[in-house]
2 protein chains.
Amino acid sequence: MESKKKQYSELTDCLCTSIRKSARNISQKYNEYLKQSGEDINANQVSILVTLSQIENKTISELSNQLRMERTTLTRNLRVLDKSGWIKTDYGSDGRMKYTKLSKKGRQVLNKILPHWKKAQIQTKKLLGEDLQLFKQNLEKLTNL
Amino acid sequence: MESKKKQYSELTDCLCTSIRKSARNISQKYNEYLKQSGEDINANQVSILVTLSQIENKTISELSNQLRMERTTLTRNLRVLDKSGWIKTDYGSDGRMKYTKLSKKGRQVLNKILPHWKKAQIQTKKLLGEDLQLFKQNLEKLTNL
DNA sequence: TGAAATTATGTGTATATACACTTATTATTT
DNA sequence: AAATAATAAGTGTATATACACATAATTTCA
């Protein structure tokens, strides 16, 4: 009778698993800091609002590409942001396209959470030390595969 | 009248956002490969089954710690695996604890997806090249913060 | 021993994710 | 101009995620 364990050794060391783990962990960490702002907002929502702050009047598809977020996922995420009044949407000459931008309230909430977000970032970057740039480059690679 | 853009420059370069992006992207990639196995299984489910294959009869809380997955999230994820017949659960002498292990069907599905998973891993690791080990170390740091 | 604290797990609710499919609008072709 | 193709976005469904709260079993201790 042989041992039934120690199989799948090739599967136990998996980049996908590691990154998902890390994403769960770091998200919770950032959310803890965000909570201290008193605003009811999370890391995912912030990342969308920040993307919108960079270039206004993006279509859903453009935003979806930039965030590497499935378009239909984004549609639902935007609904939550809209419910909170942090974004505004309108239609252009092409009736198919829907343009989204930050609302005044959206800018205000970003301003409010900024210092707490910064705290989370500083703590996180400290962990990586001088590996930071290389780490980000490699993350970038995995974001574009 | 000043420009209203280019604010939040500190927020645009965020590790949490980058890792979440990367997690979405790499998960989709792995899922594409898994689909070629013909089995209806995804990367998250595989990672849980693999963890179960390492040490049998884990409690929910132990598994939750090892996977860095919120316990109540895991409860729901296990329900899906159970529905597919890939795991078995039973209670020990302590009536509070619930032990989970791979079923025979669970081992079979891991065997079946193994080559496709491997393909995804190889492609991914190739991208990182010799940065792989360092990258994993840094991911590990962010998984334990 | 029985009340109180602790521990392990589950549920309610809300958001995040993505695939398959649908709808609506615009562009192209005949 | 009408039929067809292409494009942009939404919906149905299922899973993933996590916080707040609830439940059930065990342990502790007065």
Side-chain angles (χ1 to χ4, degrees), chain A residues 16-17 19-32 34-36 39-49 57-65 67-84 86 89-100, chain B residues 16-17 19-32 34-36 39-49 57-65 67-84 86 89-100:
Chain A
C16 183
T17 301
I19 291 181
R20 290 180 63 88
K21 259 191 194 179
S22 178
R24 286 192 291 266
N25 196 246
I26 200 172
S27 295
Q28 277 186 283
K29 209 62 180 177
Y30 271 68
N31 287 339
E32 281 172 27
L34 285 175
K35 200 170 186 181
Q36 293 172 14
E39 291 286 339
D40 189 13
I41 194 169
N42 66 30
N44 182 59
Q45 293 161 357
V46 170
S47 74
I48 297 174
L49 293 182
N57 290 320
K58 284 195 160 323
T59 65
I60 308 279
S61 297
E62 283 169 344
L63 251 184
S64 163
N65 282 331
L67 288 162
R68 286 288 185 286
M69 184 180 284
E70 221 280 335
R71 185 183 49 75
T72 64
T73 299
L74 180 60
T75 294
R76 263 116 178 177
N77 288 352
L78 287 177
R79 200 169 294 168
V80 176
L81 298 179
D82 191 49
K83 213 165 60 177
S84 294
W86 294 328
T89 58
D90 58 307
Y91 295 86
S93 54
D94 187 331
R96 290 171 298 184
M97 300 191 201
K98 193 175 172 183
Y99 295 93
T100 306
Chain B
C16 183
T17 300
I19 290 181
R20 290 181 62 89
K21 260 191 195 180
S22 178
R24 286 192 292 267
N25 197 246
I26 199 172
S27 296
Q28 277 185 283
K29 211 60 179 177
Y30 272 68
N31 287 339
E32 280 171 28
L34 286 175
K35 200 172 185 178
Q36 292 172 15
E39 292 286 338
D40 189 13
I41 194 169
N42 66 30
N44 182 56
Q45 292 160 358
V46 170
S47 73
I48 297 175
L49 293 183
N57 290 320
K58 282 194 160 329
T59 65
I60 308 278
S61 297
E62 284 169 345
L63 251 185
S64 162
N65 282 332
L67 287 162
R68 285 289 183 286
M69 184 181 285
E70 220 281 334
R71 184 184 49 76
T72 64
T73 301
L74 180 61
T75 294
R76 262 115 178 177
N77 288 352
L78 288 177
R79 200 170 293 167
V80 176
L81 299 179
D82 190 50
K83 214 165 59 177
S84 294
W86 294 327
T89 57
D90 57 307
Y91 295 87
S93 54
D94 188 330
R96 289 170 298 184
M97 298 191 201
K98 194 176 172 183
Y99 294 94
T100 306

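Residue numbering restarts at 1 for every chain, and letters A, B, ... go by the order of the sequence lines. All values derive from a computational prediction rather than experimental measurement.
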Scan S93(A) against the nucleic acid and name what it touches under 4.0 Å (heavy atoms): base, sugar-phosphate only, or nothing. sugar-phosphate
When the distance from CG of D40(A) to C1' of dA18(D) is rounded to whole Å, what number comes out? 13 Å
Just distance, no hydrogens or angles: give the donor-acceptor pairs under 3.5 Å from side chains in residues 57-64 of chain B, sequence neighbours left out.
unit_1	atom_1	unit_2	atom_2	d
K58(B)	NZ	Q66(B)	OE1	3.3
T59(B)	OG1	E62(B)	N	3.2
E62(B)	OE1	T59(B)	N	3.1
S64(B)	OG	M69(B)	O	2.7
S64(B)	OG	R71(B)	N	3.4

Partner residues of T72(B) under the side-chain hydrogen bond (donor to acceptor under 3.5 Å, both in side chains) criterion, sequence neighbours left out: E70(B)
One character per nucleotide, please: for nucleotides 8-15 of chain D, 5' to 3', B when the base has a protein heavy atom closer than 4.0 Å, S when only the sugar-phosphate does, - otherwise. SBBBBB-S
Applying side-chain hydrogen bond (donor to acceptor under 3.5 Å, both in side chains) to D94(A) and not counting sequence neighbours gives R96(A)
In whole angstroms, how far is the C1' atom of dC19(D) from the CG atom of L34(A)? 15 Å
To the nearest Å, how far apart are L78(B) CG and dA8(C) P? 16 Å
Nearest-Å distance for atom pair CD/P, residues E32(A) and dA20(D): 11 Å
Which whole-number value in Å describes the distance from N65(B) CG to dT7(C) P? 14 Å
All side-chain contact (heavy atoms from CB on, under 4.5 Å) counterparts of D40(A), not counting sequence neighbours: none
Results of side-chain contact (heavy atoms from CB on, under 4.5 Å) for T17(A) - residues two or more places apart only: C14(A), S47(B), W117(B)
Provide, to the nearest angstrom, the distance between the CD atom belonging to E70(B) and the C1' atom belonging to dA20(D). 10 Å
Check DNA chain D against residues 20-30 of chain B and give the residues with a non-hydrogen atom under 4.0 Å, in numerical order. none
Spacing of L67(B) atom CG relative to dT17(D) atom C1', expressed in whole Å: 13 Å
Taking Q28(B) for its side chain and N25(B) for its backbone only, find out whether a donor-acceptor pair lies under 3.5 Å. no
Enter the distance from R20(A):CZ to L67(B):CG here, rounded to the nearest 0.5 Å. 10.5 Å
Go through the structure and list residues passing side-chain contact (heavy atoms from CB on, under 4.5 Å) with S84(B), not counting sequence neighbours. W86(B)
Round to a whole Å and report the spacing from CG of L74(A) to C1' of dA18(C). 12 Å
Listed by chain and number, what are the side-chain contact (heavy atoms from CB on, under 4.5 Å) partners of D82(A), not counting sequence neighbours? I87(A)
